[in-house]
Amino acid sequence: MGQGEIISINVGKPVQVQFNKKEVSTGIFKMPSDEPLFLSWLNFEGDGQADLVHHGGREKAVCVYPYEHYPYWERELDRALGHSAFGENLTTRGLLETEVCIGDIFQLGEAVVQVSQPRQPCFKLSVKYGAPDMPLKVQETGYTGFYFRVLQEGLVSKADGLQIIDRHSKAITVSYANQIMHRDKDNLEGIARILEVEELSDNWRKTLTKRLEGSETDTKERLTGER
């Protein structure tokens, strides 16, 4: 893995929609941009997130999703999918969860970005597709995508691609982190390995540290939208 192709850069502001007989705000409905966009510490120009607990912020400034997974989800959902089908900012080719590692650094146009954590799918995917089990399916497949934090701001265009600058020495892949977080929860050695990565996001660090202490984070609200 060295070069990643950008299939689409996608941005959009939060909108209000109806879900389970209530109104929710979501930024999952993003649209491709053909123009170069400035990437700041927090997001791309023209982008926004509604739920700043699960999305956005310095450590989740850019959401990335591999285009290689689209055919699988088109079969699952029995429909064609346009770009940003998962509300991602970057639809990419060549950057799979099995290869990308927490802490890897990439050149992205004028910007420099670093992998901070896997994406944790939330109920907004159910909002978009009318499929209550969609977040859990994404989580269980490991086809989650991942987040970048921004190390250097700058202008980004689709033609720039993503060039690896530095591979993290701990080599904790997004796929491995997903496995420990969601499936192999009692693997204390695996948890410790992930926590050794200083570049891991604060959110994931808190969750895994709590698990080591015998406390599990409740995922119901994230997955279903219900408290």
Margin query: So, applying side chain to side chain contact (heavy atoms under 4.5 Å, CB included) with I191, which one of I180, T209, T207 is it?
Written below: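 Passing option: I180.
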Check: When you look at CD of E23, are more than 12 heavy atoms from neighbouring residues, nucleotides or ligands closer to it than 6.0 Å?
Finding: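 Yes, enclosed.
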Hphob cluster co-occupancy, [X] + [Y], side-chain heavy atoms under 4.5 angstrom:
{"X": "L136", "Y": "W73", "value": "no"}
{"X": "I165", "Y": "L39", "value": "no"}
{"X": "V156", "Y": "W41", "value": "yes"}
{"X": "M31", "Y": "I28", "value": "no"}
{"X": "Y72", "Y": "F86", "value": "yes"}

How many angstroms lie between atom [atom1] of [X] and atom [atom2] of [Y], to the nearest 0.5 angstrom?
{"X": "L108", "Y": "Q114", "atom1": "CG", "atom2": "CD", "result": "13.5 Å"}
{"X": "D47", "Y": "E45", "atom1": "CG", "atom2": "CD", "result": "10.5 Å"}
{"X": "S116", "Y": "I102", "atom1": "OG", "atom2": "CD1", "result": "7.0 Å"}
{"X": "N89", "Y": "F148", "atom1": "CG", "atom2": "CZ", "result": "10.5 Å"}
{"X": "Y67", "Y": "L96", "atom1": "OH", "atom2": "CG", "result": "14.0 Å"}
{"X": "T91", "Y": "E5", "atom1": "OG1", "atom2": "CD", "result": "11.0 Å"}

Closest non-hydrogen atom pair between [X] and [Y], with its separation:
{"X": "Q3", "Y": "G161", "answer": "NE2-CA, 3.8 Å"}
{"X": "L223", "Y": "P121", "answer": "CD2-O, 3.7 Å"}
{"X": "V150", "Y": "S40", "answer": "CG2-O, 3.3 Å"}
{"X": "L95", "Y": "G4", "answer": "CG-CA, 4.0 Å"}
{"X": "K30", "Y": "S84", "answer": "CB-OG, 3.4 Å"}
{"X": "P135", "Y": "A131", "answer": "CD-O, 4.1 Å"}

Note to self: Looking only at the side chains, is there a donor atom on one of N10 and S8 sitting less than 3.5 Å from an acceptor on the other?
What the structure shows: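 Side chains of N10 and S8: pair found under 3.5 Å.
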Notebook entry, point to check: Can I105 and E199 be said to form a side chain to side chain contact (heavy atoms under 4.5 Å, CB included), step by step?
Noted result: CA-CA 10 Å; I105 298 175; E199 295 81 1; over 6 Å; no
Short question: side chain of [X], backbone of [Y] - any donor-acceptor pair under 3.5 Å?
{"X": "E97", "Y": "G145", "value": "yes"}
{"X": "T173", "Y": "Y176", "value": "yes"}
{"X": "R119", "Y": "Y65", "value": "no"}
{"X": "E68", "Y": "G94", "value": "yes"}
{"X": "R149", "Y": "A61", "value": "no"}

Note to self: For L90 and I6: C-alpha separation, side-chain torsions, deciding distance, then whether side chain to side chain contact (heavy atoms under 4.5 Å, CB included) applies.
What the structure shows: CA-CA 7 Å; L90 297 179; I6 299 174; 4.3 Å; yes
Checklist line | Worked verdict on M181 versus R211 for side chain to side chain contact (heavy atoms under 4.5 Å, CB included) | finding: CA-CA 10 Å; M181 177 65 84; R211 189 176 294 172; 3.5 Å; yes
Check: Run the side chain to side chain contact (heavy atoms under 4.5 Å, CB included) check on R167 and D104 step by step: do they pass?
Finding: CA-CA 5 Å; R167 290 282 280 168; D104 282 356; 2.7 Å; yes
Check: After noting the C-alpha distance and the side-chain angles of D160 and S157, does the key distance pass the side-chain hydrogen bond (donor to acceptor under 3.5 Å, both in side chains) rule?
Finding: CA-CA 6 Å; D160 291 327; S157 71; 3.2 Å; yes
Next item on the list: Indicate the ring-plane relationship of Y143 and H69, choosing parallel, tilted or perpendicular according to the 30° and 60° boundaries.
Entry: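 Parallel.
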